[in-house]
Each structure stands twice: as structure tokens, then as C-alpha cells.
K.L.:
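If you scroll down you'll find the structure; I have some questions about it.
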Amino acid sequence: MDKKEKQYKLDQRYLAMARVWSYNSYCKRRQVGALIVKDKMIISDGYNGTPSGFENECEDENNKTKPYVLHAEANAITKVAHSNNSSEGATLYVTSSPCIECAKLIIQAGIKRVVFSEEYHSAEGVKLMKRANIKVDHIEEKIKITE
């Protein structure tokens with residue numbers, strides 16, 4: 001197996017793990033999971049949801065996402081910021097492509113590669129990351145995991 005094939009298999013496994021992590025989300029409209037990997041070690045994880053101490057309901061009575069819901073990427077980045085780890089040069093695996101706000105955080109966190117499986121409704125985040133010379137890979141999930 002060559003290096004490219006081996007990396008693809010690793011990417012598939014980390015995306016599957018991000019998918020499993022997304023099941024921790026209480027959001028009904030969309031569950032998103034993220035992992036930050038550096039030197040083949042998971043250094044942080046996150047899923048979309050409300051801030052610590054808030055109710056575990058992401059949508060309001062009209063099924064609209066509440067404005068203070070955090071995205072999975074933001075949760076993973078802030079979690080690593082509270083640790084002794086650095087995300088400098090890391091890879092972010094996320095089940096949905098990052099929005100523009102998360103793309104800004106990814107750039108500032110020093111993450112150098114982003115791998116995602118589903119496209120977000122806006123491609124602005126992907127465009128911004130590419131402009132910042134972050135390698136962005138859209139990979140279809142091959143390993144299917146259900147709750």
C-alpha cells in the first residue's frame with residue numbers, strides 16, 4: 001500500500017470517528033462532529049451544541065438554530081486552546097465543510113489541513129481556507145456508522 005492509499009484509509013477512519021462524535025450533539029436539524037489530529041494523535045474533539053451550562057436544545061420553537069449554538073469546529077478549537085496541546089500544523093476532520101466563521105478560527109488556530117465529508121450550504125469557508133493555503137479535501141465517507 002502506497003503512502004497516498006494509507007493516508008486515504010486514515011482519513012476515512014478519522015471521518016468515521018468524527019461522525020460517531022457528532023451523535024453527542026443534541027441538535028435536531030443537523031449533527032456535526034469534528035476531530036483535530038496531530039502526529040496521528042487526536043488532540044481535540046467537538047460537536048455542535050449550546051455553550052456549557054446552557055440548555056441542550058439547539059433549535060427554537062420555530063425550528064431555527066439558536067444564534068449562540070457553537071459549531072463542532074469551534075468547540076474542538078476552543079477545547080484544544082484550554083489544553084497543553086497546540087493545533088499548529090494539525091488536521092481537522094469534520095463531517096460538514098466549515099462555515100466562514102469557523103474558517104477564520106481554523107486559520108488562526110494554525111490548522112494546515114481540513115478534511116470534510118458533507119458540503120455546507122455555503123462554500124465561503126472553503127474558499128477562505130484555500131486562500132490561506134490550507135489544504136482542503138472533500139472526501140466521501142466510505143465507512144458507514146449508524147447510531
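Quick caveat: nothing in here was measured; it's all calculated off a predicted structure.
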K.L.:
Does any part of the side chain of E57, heavy atoms only, come nearer than 4.5 Å to the side chain of C27, both counted from C-beta?
P.N.:
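No. Closest side-chain heavy atoms not under 4.5 Å.
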K.L.:
Indicate the atoms forming the closest heavy-atom contact of L105 with A74, along with that distance.
P.N.:
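In this case the closest contact between L105 and A74 is CD1-CB, 3.8 Å.
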K.L.:
Around E140, counting heavy atoms of other residues, nucleotides and ligands shown, do more than 12 lie under 6.0 Å from its CD?
P.N.:
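No.
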K.L.:
Donor-acceptor pair, distance only, cut-off 3.5 Å: does the side chain of K112 make one with the backbone of K135?
P.N.:
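Such a contact is absent between K112 side chain and K135 backbone.
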K.L.:
Run the side-chain contact (heavy atoms from CB on, under 4.5 Å) test on V115 and L92 for me, step by step, so that the C-alpha distance in whole Å, both residues' side-chain angles and the decisive distance to 0.1 Å come before the verdict.
P.N.:
CA-CA 6 Å; V115 180; L92 172 74; over 6 Å; no
K.L.:
May I ask you to check whether over 12 heavy atoms, not counting those of N62, lie within 6.0 Å of atom CG?
P.N.:
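It does: N62 CG has more than 12 such atoms within range.
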K.L.:
So how far is it from Q31 CD to R19 CZ, rounded to the nearest 0.5 Å?
P.N.:
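So the CD of Q31 and the CZ of R19 are separated by 9.0 Å.
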K.L.:
Quick check on the hydrophobic clustering: are L15 and V37 connected, directly or via other members, by side-chain heavy-atom contacts under 4.5 Å?
P.N.:
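Yes, because L15 and V37 connect within a single hydrophobic cluster, where side-chain heavy atoms sit under 4.5 Å apart.
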K.L.:
C102 vs C99, test: side-chain contact (heavy atoms from CB on, under 4.5 Å). Steps then yes/no.
P.N.:
CA-CA 5 Å; C102 288; C99 70; 3.8 Å; yes
K.L.:
Going by distance alone, is a donor N or O of one side chain under 3.5 Å from an acceptor N or O of the other, for S117 and E141?
P.N.:
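Side chains of S117 and E141: pair found under 3.5 Å.
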K.L.:
Counting only N and O atoms by type, is there a donor-acceptor contact under 3.5 Å from the side chain of T95 to the main-chain atoms of G33?
P.N.:
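It does hold such a pair.
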K.L.:
Look at atom OH of Y8 and say whether more than 12 heavy atoms of other residues, nucleotides or ligands are closer to it than 6.0 Å.
P.N.:
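Enclosed.
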K.L.:
Roughly how far apart are K6 NZ and K9 NZ, rounded to 0.5 Å?
P.N.:
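These two atoms lie 11.5 Å from each other.
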K.L.:
May I ask whether I111 and V136 are part of the same hydrophobic cluster, defined by side-chain heavy atoms of I, L, V, M, F, W, Y residues being less than 4.5 angstrom apart, directly or through others?
P.N.:
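Yes, one cluster joins them.
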K.L.:
Would you call D11 and K4 a salt bridge, taking side-chain N to carboxylate O under 4.0 Å as the test?
P.N.:
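The answer is no: the pair does not qualify as a salt bridge.
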K.L.:
Examine distances only and state if a side-chain atom of N85 and a backbone atom of V80 form a donor-acceptor pair shorter than 3.5 Å.
P.N.:
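No: the side chain of N85 does not pair with the backbone of V80.
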K.L.:
What distance do Y26 atom OH and E55 atom CD have between them, rounded to the nearest 0.5 Å?
P.N.:
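Reported to 0.5 Å precision, the distance equals 12.0 Å.
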K.L.:
Is it true that E118 and R30 make a salt bridge, defined as a side-chain N closer than 4.0 Å to a carboxylate O?
P.N.:
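The answer is yes: the pair qualifies as a salt bridge.
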K.L.:
Could you list the residues that satisfy side chain to side chain contact (heavy atoms under 4.5 Å, CB included) with K79, not counting sequence neighbours?
P.N.:
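Result, side chain to side chain contact (heavy atoms under 4.5 Å, CB included) vs K79: S44, D45.
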K.L.:
Any salt bridge linking E73 with K104? Criterion: basic side-chain nitrogen under 4.0 Å from a carboxylate oxygen.
P.N.:
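Looking at E73 and K104, the cut-off is not met.
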K.L.:
Could you report the tightest heavy-atom contact between G125 and A103, atom names first, then the distance?
P.N.:
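Taking every non-hydrogen atom into account, O-CB, 3.4 Å.
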K.L.:
Give me each pair satisfying ring-ring contact (aromatic ring centres under 6.0 Å, His included) with a member in residues 92-145, each pair once, sequence neighbours excluded.
P.N.:
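For residues 92-145, and leaving out neighbouring residues, the ring-ring contact (aromatic ring centres under 6.0 Å, His included) pairs sorted by first residue read Y14-Y93, F116-H138.
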K.L.:
Assigning hydrophobic clusters by single linkage (Ile, Leu, Val, Met, Phe, Trp, Tyr; side-chain heavy-atom cutoff under 4.5 Å), is I106 placed with V126?
P.N.:
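Hydrophobic grouping puts I106 with V126.
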K.L.:
Identify the two heavy atoms, one from A109 and one from S87, that lie closest to each other, and give their separation to 0.1 Å.
P.N.:
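Smallest heavy-atom distance, with atoms named: O-OG, 2.7 Å.
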K.L.:
How long is the gap from CG on N75 to OH on Y47, to the nearest 0.5 Å?
P.N.:
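Here the interatomic distance stands at 7.5 Å.
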K.L.:
What distance separates I43 CD1 from S86 OG, expressed to the nearest 0.5 Å?
P.N.:
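Nearest 0.5 Å value for the CD1-OG distance: 7.0 Å.
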K.L.:
Just grab all the ring-ring contact (aromatic ring centres under 6.0 Å, His included) pairs involving residues 49-69, residues at least two apart or on different chains.
P.N.:
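Only F54-Y68 qualify under ring-ring contact (aromatic ring centres under 6.0 Å, His included).
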K.L.:
In sequence, state the C-alpha distance, the side-chain angles, and the governing distance for R29 and T65, and then conclude on side-chain contact (heavy atoms from CB on, under 4.5 Å).
P.N.:
CA-CA 8 Å; R29 291 179 60 218; T65 301; 2.8 Å; yes
K.L.:
Taking it one step at a time, do E59 and K64 satisfy salt bridge (Lys or Arg N to Asp or Glu O under 4.0 Å)?
P.N.:
CA-CA 5 Å; E59 295 84 13; K64 294 271 189 207; over 6 Å; no
K.L.:
Mark yes when over 12 heavy atoms from residues, nucleotides or ligands other than Q7 sit less than 6.0 Å from its CD; otherwise mark no.
P.N.:
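Yes, enclosed.
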K.L.:
Tell me if a side-chain donor or acceptor on K28 pairs with a main-chain N or O of C58 at a distance below 3.5 Å.
P.N.:
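Looks like no, no N/O pair under 3.5 Å.
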K.L.:
Would a hydrophobic clustering, with Ile, Leu, Val, Met, Phe, Trp and Tyr connected at side-chain separations under 4.5 Å, put I139 with I42?
P.N.:
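Yes, same cluster.
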K.L.:
Mind running side-chain contact (heavy atoms from CB on, under 4.5 Å) on V114 and D137 for me, showing each step along the way?
P.N.:
CA-CA 6 Å; V114 174; D137 291 318; over 6 Å; no
K.L.:
Would I107 and V94 show up in the same hydrophobic cluster when neighbours are defined by side-chain heavy atoms closer than 4.5 Å?
P.N.:
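Cluster IDs for I107 and V94 match.
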